[in-house]
There are 2 protein chains.
Amino acid sequence: MKNKKNELTKNQKIVLDFIQKSNKPVKAYSILSNVSKKGLKAPPQVYRALEKLIEVGEVHKIESLNSFVACNSKCIEPNGTIFSICKSCDQTTEVSNADLAKFLSDFKDMNGTQFSGFNLELFGTCKSCKT
Amino acid sequence: MKNKKNELTKNQKIVLDFIQKSNKPVKAYSILSNVSKKGLKAPPQVYRALEKLIEVGEVHKIESLNSFVACNSKCIEPNGTIFSICKSCDQTTEVSNADLAKFLSDFKDMNGTQFSGFNLELFGTCKSCKT
DNA sequence: GAAGATAGTGTTATAATATAACAAATTATT
DNA sequence: AATAATTTGTTATATTATAACACTATCTTC
Ligand SMILES: [Zn+2]
Ligand SMILES: [Zn+2]
Ligand SMILES: [Zn+2]
Ligand SMILES: [Zn+2]
C-alpha cells in the first residue's frame, strides 16, 4: 500500500492547501483553475483529491453550494457536520456546538433507530452582510 | 397579475403531480423525460416549475441527491426542513418531529443570533434495505 | 530484487445538472 | 383595446461531475 503513514499525496496536498487558504467555500472548477499552475490540469485530478480529502475528514462538501471547505478541526461528531451559511455572500463556517451535535447524533427515528450520519446547514446573514 | 388565487399553472401542476406520485426523490431530468408526453420538452420548463413549487413549499430539494420530493404537508417549521435519507437506496422521508424542529429553529449562533432557515439531512438505512 | 497487488496520475471524452437569453403566447389590470 | 405582468416554448450554453483507459509509483511478499 502506498502512503503507509496515511499521508496525503502531492495533488491532495495542493488541493487541500488551496481550500485552506480560501475564506469561503470554493467550487471544484475554481480549485482547478487556481491550482493549474501546480500541475493539475483536468477535473478528475481535482475531484479525486476532493474525494480522498472528504474521506479522511480534511474537507467537507457544502451541498447547497456545490462547494468545498476545509474542516476547521472542530468536528465534534465524527459522522455529522454542521454549517452556518450566509444566504447573502455564501460565507460559511463550521459550527461546533456540543449540545447541538449531541442532540443530532442521539436523534432516533420513530422506530427508535439511530442514524449513522447527518448534515445540517443553517442559513442566516453573516456579520459583514448585516452592516 | 396572473393567478390571482395563487393557483399553480399547468406546467407546475404536471411537475408536482409526477413528483407526488414518485416514492423516491426524483431528478430534474427524470421528471423531464417522464412528463415530456405532457408537453414539457426542455429543461427550463421543468426547472421553472420546480423553482415555483419550492418557493410555495410544495416541493423540497434534497441537496445531497440533487433530487426533488413533494412536501408531505407536515412541515412543522416554515423555514426548516428535515429529511431521513437511506444511504443505500436513496429512499427519503420528511421527518416531522416537533422537538427536533423546535430545537433547530431556536438554535442561535455564538453571538446569540437566530438563523432564518435550516436544512437537516439524516443518513441511515431504511427498513427494506436492512432486511 | 522480481512479481504481483494497490493506489495514484494524466488524459480525453462525455455524462449529468442547471441557467441565460429571447421570442411568443397568455392572462390580468387599466 | 391598450398595457403590464407572467408564463411558455425554444435554442444554446454554462456548470458540475464521472467514465474509461493507459501509465506510473509505491508497497508486499515471496
Ligand atoms: Zn469538520
Ligand atoms: Zn455574508
Ligand atoms: Zn415539507
Ligand atoms: Zn433503503
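Just so it is clear: chains get the letters A, B, ... in the order the sequence lines come, proteins before strands, and each one is counted from 1.
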Undergrad: Should the ring pair B/Tyr29 and B/Tyr47 be called parallel, tilted or perpendicular, given that the plane angle runs from 0 to 90° and is split at 30 and 60?
TA: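 Rings of B/Tyr29 and B/Tyr47: perpendicular, over 60°.
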
Undergrad: Return the 5'-most residue of the pair A/Asn66, B/Lys41 with respect to DNA chain D, ranking by each residue's nearest nucleotide.
TA: B/Lys41

Undergrad: Within this structure, what is the CD-to-C1' distance between B/Gln45 and C/dA20, rounded to whole angstrom?
TA: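 About 15 Å, once rounded to whole Å.
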
Undergrad: Please state how far atom CG in B/Leu40 lies from atom P in D/dT10, giving the value in whole angstrom units.
TA: 10 Å

Undergrad: Which nucleotide wins on minimum distance to the side chain of A/Gln12, given the candidates C/dA18, C/dG8, C/dG10?
TA: C/dG8

Undergrad: Could you label the plane-to-plane angle of the B/Phe107 and B/Phe115 rings as parallel, tilted or perpendicular, counting under 30° as parallel and over 60° as perpendicular?
TA: parallel

Undergrad: Is the shortest side-chain N/O distance from A/Lys27 to OP1 or OP2 of D/dT16 below 4.0 Å?
TA: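 Yes, such a contact exists.
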
Undergrad: Between CD1 of A/Ile62 and CG of A/Asp90, what distance do you get to the nearest 0.5 Å?
TA: 10.0 Å

Undergrad: Hey, which sits more toward the 5' end of DNA chain D by its nearest nucleotide, B/Pro43 or B/Lys10?
TA: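 The 5'-side residue here is B/Lys10.
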
Undergrad: Measure CZ/A/Arg48 against P/D/dA19 and give the value in whole Å, please.
TA: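 Taking atom P of D/dA19 as the reference, CZ of A/Arg48 is at 11 Å.
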
Undergrad: Per the atom types in the model, does the base of C/dA18 pair as donor or acceptor with the side chain of B/Tyr29 at under 3.5 Å?
TA: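 It does, because a donor-acceptor pair links the side chain of B/Tyr29 to the base of C/dA18 below 3.5 Å.
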
Undergrad: Among the nucleotides C/dT9, C/dG8, C/dT19, which one has an atom lying closest to any side-chain atom of A/Asn11?
TA: C/dT9

